[in-house]
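Worksheet for the structure shown next.
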Amino acid sequence: MLQLHILREQTENVCKALEKRNLEARPLVDKVLELDEKRRSFQTRLDNTLAESNTLSKEIGILFKNKQIEEANALKNKTSALKEKAKTLGESLNAAARELQEALYQIPNIPHELVPAGSNEEDNEEVFREGEIPDLGDAALPHWELAQQYDIIDFELGVKITGAGFPVYKGKGARLQRALIQYFLDKNTEAGYTEMQVPHLVNEASGFGTGQLPDKEGMMYHVGEDNLYLIPTAEVPVTNMLRDVILEQKELPVAYTGYTPCFRREAGSYGAHVRGLNRLHQFDKVEIVRVEHPDQSYAALDKMVAHIKTLLQELELPYRILRLCGGDLGFTSALTYDFEVYSTAQKRWLEISSVSNFEAFQANRLKLRYRDNNKKTQLAHTLNGSALALPRVLAGILENYQKATHIRIPEVLVPYTGFDKID
RNA sequence: AGAGAGGUGGCCGAGUGGUCGAAGGCGCACGCCUGGAAAGUGUGUAUACACCAAAAGUGUAUCGAGGGUUCGAAUCCCUUCCUCUCUGCCA
């Protein structure tokens, strides 16, 4: 949610910047400003009415104490009109506030100046590429065939017990996955992130806090009986820990990491792009989340990118980094870098991490603030990223490390897996 | 899951219809005192919104949340969430 004062004071700039998202924001922004004015006018009128009524009430109290019953009753009559007025104004105020919020929710975050113009993923800007793409020739198998050949992931079994998109990891496949999780958590901890184990179900308020609700309700699994949602990412519980929090400036930055399974209904997926591990309803992910002073948030973003790079370097996977263009940029993000690992057999890049600076957009909704040097509360900046999403890293490892008779395990993982090849 | 008790400011805790945004204490901040510290002492110490160019200031709302009664609610009523104790169940 954008801050109203920014919309009010920098209307032109905001609209111009939003053009990068191919969004004609003018009508929306105008509507917000109009509703804001309306809301404020109702607020002022209601406050004045209530003030008047409060004064009268106090007078009535004093009159009763002095046994001036008649005078008191006379004043009572006066207050009933005020009461009526306050009620109407209150309703108008609430209606305006609600409308304002709804309109405000429809405006995405302002893209950072580095965000390239563009309409879809084709226009994303590759900013970095590293790692050798192995030459596997025509013998290269996609990971789902490797998974079957070495009996390490069973998609059919998942279908049997749950449904499509819920694979069963077996034997060394399970162990490799667990090794990756632990490796990522260790590396993140080493980099200064505090490990958190969080609930995998969240309440409605948390869904609203990070913006999955009300718009993206369809992406989450809902437990109706208890009105809880299965988390689509650790970002939801981890970030919501900081909902309605005022931090002291010296407590910044906050850096958390957490491993959770992620549950996504992912309606409307199809074809080869969802085969194997490419897209799942349940998958594992290690997430990193930061809360930063606004002056520091972009330096922090760079640090996060650098950190994720080291993970991929150590795993010796070929990857590239994209700066998302305006058309592909997430609603809440100001600047996002996607990491993609190369799937040698599928001959395409798979997204394994998305690192974003939300600036104050998310904090505004969460009411996550810090107290600055003048003791004023200010919105903090929030950032998060995957470090990393497991299935596609697994797919990358299986495909890129495949040999004629086995799959090699990246060296850094061997201490975690306890074996150096899958055969 | 059943029975009971309770949710008040950063924390503890008073407050059962009228200047209560809320006593008192702790903590914290600044000052005095001190050679320095402790003790002592003085002052200050919530959040949001509105008005104001801004500061100062003023107003409004907030005592878990939502509704109601009343001229007036932390206080009474209803709904709901949560916590604690006991009983039950359970990894």
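Computed from a prediction, not measured in an experiment: that's the story for all the values here.
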- Between B:rU47 (C1') and A:R243 (CZ): distance, integer Å: 17 Å
- Message: What is the separation between atom NZ on A:K375 and atom C1' on B:rU45, rounded to the nearest whole Å?
- Response: 7 Å
- Query: Could you give the CG-to-P distance, from A:L82 to B:rG72, as a whole number of Å?
  - Reply: 11 Å
- Query: Is A:R365 close enough and on-axis enough to A:Y105, meaning under 6.0 Å and within 45°, for cation-pi?
  - Reply: yes
- Note on the structure: Counting only Watson-Crick and G-U wobble pairs with both atom distances below 3.5 Å, the stems of 3 or more consecutive pairs that include RNA chain B are B:1-7 with B:81-87, B:10-12 with B:24-26, B:27-32 with B:40-45, B:46-51 with B:57-62, B:64-68 with B:76-80
- Task: Using the P atom as the reference point in each nucleotide, state the distance between B:rG18 and B:rG72 in Å, no decimals.
- Result: 14 Å
- Task: Measure from NZ on A:K83 to P on B:rC71 and round the result to the nearest Å.
- Result: 6 Å
- Task: Find out whether A:E359 and A:H112 are in side-chain contact, i.e. whether some heavy atom of one side chain is under 4.5 Å from a heavy atom of the other.
- Result: yes
- Query: Going from CG on A:D36 to CG on A:L7, what distance comes out if it is rounded to the nearest 0.5 angstrom?
  - Reply: 8.5 Å
- Task: Let me know, please, whether A:L75 or A:G61 comes out on the 5' side of the other along RNA chain B by nearest nucleotide.
- Result: A:G61
- Message: For a quick check, with a 4.0 angstrom heavy-atom cut-off, what is the B/S/- contact string for nucleotides 48-60 of chain B, read 5' to 3'?
- Response: SSSS---S---BS
- Donor + acceptor pair across side chains of A:Q346, A:N278 (<3.5 Å): yes
- Message: Whole angstroms only, please: what is the CD1-C1' distance between A:I60 and B:rU70?
- Response: 11 Å
- Message: When you compare the side chains of A:Q3 and A:E9, does any donor N or O come within less than 3.5 Å of an acceptor on the partner?
- Response: no
- When all nucleic acid strands are considered with a 4.0 Å heavy-atom cut-off, which category describes A:S57: base, sugar-phosphate, or nothing? base
- Query: Atom CD of A:E204 to atom C1' of B:rU80: distance rounded to whole Å?
  - Reply: 13 Å
- Parallel, tilted or perpendicular, as decided by the 30° and 60° cut-offs, for the rings of A:F263 and A:Y221: perpendicular
- Query: Between A:D47 and A:T44, does any side-chain donor sit less than 3.5 Å from a side-chain acceptor?
  - Reply: no
- Message: What contact category does A:R45 fall into here, base, sugar-phosphate, or nothing, at under 4.0 angstrom with non-hydrogen atoms?
- Response: nothing
- Message: Quick check: do A:C262 and A:Q282 have side-chain heavy atoms less than 4.5 Å from each other?
- Response: no
- A:E287-A:Y259 side chain donor-acceptor pair, cut-off 3.5 Å: no
- Task: Between B:rG66 and B:rU62, how far apart are the P atoms? Round to whole Å, please.
- Result: 9 Å
- Query: Separation of A:L56 atom CG from B:rU19 atom C1', in whole Å?
  - Reply: 15 Å
- Below 4.5 Å, heavy atoms only, C-beta onward: do A:L315 and A:L180 meet side chain to side chain? yes
- Query: Say you pick atom P in B:rU8 and the same atom in B:rA23; how far apart are they, in whole Å?
  - Reply: 16 Å
- Message: Would you measure the distance from the P atom in B:rA46 across to the matching atom in B:rC84 and give it in whole Å?
- Response: 30 Å
- Can you tell me, in whole Å, how much space there is between the P of B:rU75 and that of B:rA38? 42 Å
- C1' atoms of B:rC76 and B:rG15, separation to the nearest Å: 16 Å
- Between B:rA46 (P) and A:E248 (CD): distance, integer Å: 13 Å
- Message: Using the P atom as the point on both nucleotides, what is the distance between B:rA61 and B:rG7, in whole Å?
- Response: 24 Å
- Query: P atom, B:rA5 versus B:rC77: distance in rounded Å?
  - Reply: 13 Å
